[in-house]
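Quick note on labels: first sequence line is chain A, next is B, and so on, each numbered from 1.
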Protein chains: 2
Amino acid sequence: MPGRPRLANDAWEALLTAHAQMMRRLAAEDVWCEVSMREYDVLYTLSKCPEPIRLGELNRRVLLSQPALSRMVDRLVERGLVRRERDAGDGRGVLLSLTTTGRAQQRTTGRPHALGVARAMTTTFDDQELTALRDLCRKLAEHEAAAEVA
Amino acid sequence: MPGRPRLANDAWEALLTAHAQMMRRLAAEDVWCEVSMREYDVLYTLSKCPEPIRLGELNRRVLLSQPALSRMVDRLVERGLVRRERDAGDGRGVLLSLTTTGRAQQRTTGRPHALGVARAMTTTFDDQELTALRDLCRKLAEHEAAAEVA
DNA sequence: TCGAGATAGATGCATTTGCATATACCTTAG
DNA sequence: CTAAGGTATATGCAAATGCATCTATCTCGA
């Protein structure tokens, strides 16, 4: 019976490995010709927002440095997928949202991608396990989100 | 009650979010001055191998493209942390292992890093949850590892 | 034994990333 | 109202990354 710190590290290592394996599998799916996985991450995050969000807010949800994200948004704006407008209430900030094209692209890429995710996860887990994994991961994410404020 | 595919995607999204949040937190820990997180990933993976392994084998466990990994190994060899020798049994391949310095560096970086991981995970989860998360993630990783052979 | 095809790893090159820092704008004490 | 300090995003630049491809070596059937 492993000690608590050991167990904690084993769990984290397992999560890392699972993440890496799944990323590989999903990267191999033939759906990333129009937008890359990282770009999709941005499009998907924006697609979930009912209204425009700040770059900083987007940055909190996407694992990229602020400058890298800023430039990725440049490219997506250039390609007509994302709209970037100055925030009227705070002239420093920008407000980001999907264009109609961007939303369409997100759906076009997202549909087969979601199928791939579902295929991988449902062949591995039953409903109870899926729920357990989802809840554990949400708990971890929320705990970290709360911690970073402090 | 969500459908099965929906549940599968929610679980994956939660895993991704948890991963991203933890990575941010761990990246913020003040232990990455000597080796970066990705370099540590390589050193750690090698440290777990009882004997030298191939670049391709290492590549299977580290989420980097083959060329990127090849060059990262270049740099680690240059810095004296990794040994790279031609495989006597197969002249195309190389065998990688940690040098004494590399092993020491892995420990030096790994100790405080592991503490950070333990801090984050144990403040979030009890033992039962840690075990559940570990086992679920291992199951997913193993399922994917088995799938990629096919 | 030889040559076609397969495999392991390295390299050229354009793109992307992160770090440090600059710029623009906001906030607030005085 | 202003200047000092803070916050949001952008930019310069070196380093790292991925894709395509190359080289070297291995395998195997004729």
Side-chain angles (χ1 to χ4, degrees), chain A residues 20 23-24 26-43 45-46 52-79 81-97 148-149, chain B residues 20 23-24 26-43 45-46 52-79 81-97 148-149:
Chain A
M23 288 302 278
R24 254 189 216 298
L26 295 173
E29 306 246 353
D30 187 28
V31 301
W32 310 113
C33 38
E34 308 267 352
V35 295
S36 72
M37 237 167 152
R38 290 187 150 168
E39 289 166 344
Y40 178 76
D41 192 10
V42 168
L43 296 185
T45 302
L46 287 176
I53 63 170
R54 290 298 208 70
L55 185 72
E57 181 56 32
L58 182 62
N59 195 205
R60 222 156 286 130
R61 312 190 206 181
V62 172
L63 193 54
L64 268 181
S65 70
Q66 178 268 315
L69 183 58
S70 178
R71 280 190 255 238
M72 165 162 277
V73 168
D74 280 351
R75 281 170 254 139
L76 293 172
V77 168
E78 187 64 31
R79 288 164 59 188
L81 302 174
V82 168
R83 178 169 30 242
R84 172 174 44 191
E85 41 197 351
R86 210 146 264 295
D87 184 341
D90 181 347
R92 296 166 300 180
V94 293
L95 288 173
L96 304 172
S97 54
E148 83 187 322
V149 177
Chain B
M23 289 302 278
R24 255 188 215 299
L26 295 172
E29 307 246 353
D30 186 27
V31 300
W32 310 113
C33 37
E34 308 267 352
V35 295
S36 72
M37 235 166 155
R38 290 187 151 168
E39 288 166 346
Y40 178 76
D41 192 10
V42 169
L43 297 185
T45 302
L46 287 176
I53 62 170
R54 291 301 206 69
L55 185 72
E57 180 56 33
L58 182 61
N59 196 205
R60 222 156 287 129
R61 312 191 205 181
V62 172
L63 192 53
L64 266 182
S65 70
Q66 178 269 316
L69 183 59
S70 179
R71 280 191 257 239
M72 164 162 276
V73 168
D74 280 351
R75 281 169 256 141
L76 293 172
V77 168
E78 187 64 30
R79 288 163 60 187
L81 301 175
V82 168
R83 180 170 28 245
R84 172 174 43 190
E85 43 198 348
R86 210 147 264 297
D87 184 339
D90 181 346
R92 297 166 299 179
V94 293
L95 289 172
L96 304 171
S97 55
E148 84 186 321
V149 176

message = Does any part of the side chain of A:V35, heavy atoms only, come nearer than 4.5 Å to the side chain of A:R79, both counted from C-beta?
response = yes
remark   = B:N59 atom CG is separated from D:dC19 atom P, nearest whole Å, by 12 Å
Non-neighbouring partners of B:R54 that pass side chain to side chain contact (heavy atoms under 4.5 Å, CB included), sequence neighbours left out = B:E57, B:D87, B:D90, B:L95
query = Among residues 29-38 of chain B, which residues get a heavy atom nearer than 4.0 Å to DNA chain D?
reply = B:R38
task = To the nearest Å, give me how far apart CD (A:E39) and C1' (D:dT17) are.
result = 14 Å
Please tabulate the protein-to-nucleotide N/O contacts below 3.5 Å involving nucleotides 3-10 of chain C, giving atom names and distances.
unit_1, atom_1, unit_2, atom_2, d
C:dT7, O4', B:R92, NH1, 3.4
C:dT7, O2, B:R92, NH1, 3.0
C:dA8, O3', B:R54, NH1, 3.2
C:dG9, OP1, B:L55, N, 3.1
C:dG9, OP1, B:V94, N, 3.3
C:dG9, OP1, B:V94, O, 3.4
C:dG9, OP2, B:G56, N, 2.7
C:dA10, OP1, B:R84, NH1, 3.1
C:dA10, OP2, B:S70, OG, 2.4
C:dA10, N7, B:Q66, NE2, 2.9
C:dA10, N6, B:Q66, OE1, 3.0

key: Inter-residue atom distance B:R61.CZ - B:D41.CG, 0.5 Å rounding   = 11.5 Å
inquiry  = Without decimals, in angstroms, what is the distance between B:D41 CG and D:dT17 C1'?
reply    = 15 Å
Backbone N/O of A:G91 and side chain of A:R86: donor-acceptor pair under 3.5 Å = yes
request  = Send over the distance from A:L58 CG to D:dT9 P, rounded to a whole Å.
outcome  = 10 Å
query = What distance separates A:L43 CG from A:E34 CD, expressed to the nearest 0.5 Å?
reply = 11.5 Å
inquiry  = Measure CG/B:D87 against C1'/D:dC26 and give the value in whole Å, please.
reply    = 12 Å
query = Can you tell me if B:S70 uses its side chain to pair, donor with acceptor, with the backbone of B:Q66 under 3.5 Å?
reply = no
task = To the nearest 0.5 Å, tell me how far B:L58 CG sits from B:L69 CG.
result = 4.5 Å
task = Round to a whole Å and report the spacing from CE of A:M72 to P of D:dT9.
result = 17 Å
inquiry  = To the closest 0.5 Å, what do you measure between CG (B:L64) and CE (B:M72)?
reply    = 6.0 Å
task = Kindly compute the distance separating CE (B:M23) from CE (B:M37), expressed to the nearest 0.5 Å.
result = 4.0 Å
task = Take atom CG of A:L69 and atom C1' of C:dC19, then tell me their distance rounded to the nearest Å.
result = 16 Å
ask   = Roughly how many Å is it from CG in A:L64 to P in D:dT9, rounded to a whole number?
value = 15 Å
